Structures are given as structure tokens and as C-alpha cells.
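This one's a predicted model, so the numbers in the text were calculated from it and none came from an experiment. One is the number of the first residue; the rest follow in order along the sequence.
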Amino acid sequence: MNEQVRQHASSLVSVDVLGLRLQQDGERVQLLAHERPSEPFAGSLALPGVLLGRGERITEAAIRALRKAGLEERDVLGIGQLVTFDEPNRDPRGPTLSIAVWAGIRADAHILETAQWVDIDAPPQLAFDHNRIVLDAQPLLARMLWDDLNFTRALTGPTFPVRAAVRITASLTGREPNRGNLNRRLAALEGLEQVDGKTAPSHTGRPGAVWAWTD
């Protein structure tokens, strides 16, 4: 067997999870990171990740990865595949493919002391190529927002004030949305309705609308 065949035969597949939540005050989208317990990069922050087991579904592997941070399946509101990274030197242990997965996490979910929530638009230094994964995934998530309803609902939760919709959009796109355009977009979404008679405090002094998914 030549060297090229040996390298291809030994390549592994990892599943790395961008665990996302809307901070409980509704001000920003946060990303889950945890301290690696072993080498390489022991003690460094990283995205939760595992090697994909034989016959294992990607979503199953993603749930297993999130357990490293103390989460359980009930804490996950939605999950989906994003993109694959195939840089051969991304892992010092040898060639691996990384399947990046998004997971929407309940805002009040409990995590271990070795895990922490960080702002997605200003993550700390992460192990492996995980900063690159976050950087490349962010515009994909921005395009999914308000278009992919599974992703959007997992991020917003069942109800949310319009202020949260503004902050989610700003966190993922890097710029403040036009409020009028955003309100029109929310009004056009299937299964989303404005809650009559209910408002939420606003930093502008005017109460903001509250939106709810209907099913």
C-alpha cells in the first residue's frame, strides 16, 4: 500500500458543534465552548466535538459532543448540518474531516463549569481550526436566519420580543437591520404571529412587539 492510500485509509471524520443560544436578556447570540480535558490542546477552549462512530448518525454524534459540556438531548431545540472542512493538517493527530453542525440550545440550559458561553461575533482563541469554523459558518447562519424556520425557531425559542430579533440579526450579520424591513419579514413568516396586547420593554423607551410561533 503506497503512502497516499495509507493516508486516505486512516482519515477520520469528526463532528464539531456550534451550540447557539440567544442570551437570556435577548441581547446577543452566544456560542458554546468547553475546555478540552486531554491533548492535543488540553485546557484550551474548543467547540464540542467527537469522532463519528461507525453507523452513527451525524445528529447522534452532535448530541454526544454536547454532553461534553453538560447538556442533554432535552436541552437541544434543533440541529442541522452546515459545512465540511477538509484541511488535512487541521488536527495534529492526523488527517480528519470536520462536519460542522449547528445546534440551538435552550437559553436556561445548565452547562458544566468547564464550559462557557461566548459571543459568536467575538470568540476567544479556540483549539484546532475552530475559529476558522466559526468564521466560515457565521455567514451561512446569517443566510439561514428568517429563511430556515427550523434554525430560526431553535434560536429564538417559542416567543421573543422584536428587540431579540434585531439583536439576533445584528449578531449573525455584523450590522443592525432596518427595523421596518425586519418587521415586514417577521410578519411574512409562516407560523409566526404577533401576540396581541403583549409588549416588551425597549431601550428606546417605546415598548416593542412580542412574536410567537403558533404550533
Side-chain angles (χ1 to χ4, degrees), residues 15-32 47-48 57-66 69 71-85 99-109 117-121 123 133-200 202 208-215:
V15 175
D16 295 306
V17 184
L18 289 90
L20 305 170
R21 75 165 187 178
L22 179 62
Q23 191 183 32
Q24 286 184 291
D25 63 8
E27 286 301 306
R28 58 184 57 87
V29 176
Q30 293 186 309
L31 176 73
L32 183 64
L47 299 176
R57 304 293 295 270
I58 292 173
T59 53
E60 294 170 345
I63 296 294
R64 186 160 56 87
L66 291 170
L71 296 174
E72 298 295 337
E73 189 168 358
R74 64 177 178 272
D75 298 318
V76 181
L77 301 176
I79 202 163
Q81 188 173 333
L82 280 170
V83 66
T84 299
F85 293 82
I99 300 174
V101 171
W102 67 264
I105 310 298
R106 288 193 303 110
D108 59 350
W117 292 103
V118 301
D119 291 347
I120 190 172
D121 50 2
I133 290 176
V134 175
L135 184 65
D136 286 2
Q138 199 163 340
L140 300 178
L141 297 171
R143 287 197 292 270
M144 291 165 58
L145 183 64
W146 314 123
D147 284 328
D148 184 323
L149 296 189
N150 289 329
F151 170 70
T152 301
R153 293 174 66 146
L155 193 55
T156 64
T159 64
F160 60 95
V162 68
R163 183 186 74 248
V166 171
R167 299 315 308 157
I168 291 172
T169 304
S171 286
L172 294 183
T173 65
R175 60 184 183 275
E176 289 281 329
N178 178 282
R179 305 293 178 101
N181 290 342
L182 179 59
N183 276 321
R184 285 189 287 273
R185 192 166 191 181
L186 294 177
L189 290 182
E190 182 180 358
L192 184 65
E193 293 182 353
Q194 190 171 328
V195 181
D196 291 337
K198 186 173 183 180
T199 59
S202 169
V210 174
W211 296 84
W213 299 103
T214 58
D215 56 355

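- In this structure, Arg64 does not pair ionically with Glu73, as no charged nitrogen and carboxylate oxygen lie closer than 4.0 Å.
- No donor-acceptor distance shorter than 3.5 angstrom exists from the side chain of Asp119 to the backbone of Asp121, with no hydrogens or angles considered.
- Between Asn150 atom CG and Leu155 atom CG the span is 12.5 Å, to the nearest 0.5 Å.
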Using the side chain to side chain contact (heavy atoms under 4.5 Å, CB included) rule, take Arg28 and Arg21 through it: C-alpha gap first, then chi angles, then the decisive distance, then the call. CA-CA 9 Å; Arg28 58 184 57 87; Arg21 75 165 187 178; over 6 Å; no
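- Under the 4.5 Å side-chain criterion, counting only non-hydrogen atoms from C-beta, Val29 is not in contact with Leu141.
- With hydrogens and angles ignored, the 3.5 Å screen pairs a side-chain donor or acceptor of Gln138 with a backbone N or O of Ser171.
- A donor-acceptor contact closer than 3.5 angstrom is absent between the side chains of Trp211 and Thr156.
- Annotation: the span from Met144 atom CE to Leu172 atom CG amounts to 10.0 Å, rounded to 0.5 Å.
- The structure places CD1 of Ile133 at 5.0 Å from CZ of Phe85, a figure rounded to the nearest 0.5 Å.
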query: For Leu20 and Ile105, what are the C-alpha separation, side-chain angles and deciding distance, and is it a side chain to side chain contact (heavy atoms under 4.5 Å, CB included)?
result: CA-CA 6 Å; Leu20 305 170; Ile105 310 298; 6.0 Å; no
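- Rounded to the nearest 0.5 Å, atoms CH2 (Trp146) and CG (Leu192) are 7.5 Å apart.
- Rounding to the nearest 0.5 Å gives a distance of 10.5 Å between CG of Leu47 and CG of Leu66.
- One finds the CD1 atom of Ile63 at 13.0 Å from the CD1 atom of Ile58 (value rounded to the nearest 0.5 Å).
- Between the side chain of Asp75 and the backbone N or O of Glu72 there is at least one donor-acceptor pair closer than 3.5 Å.
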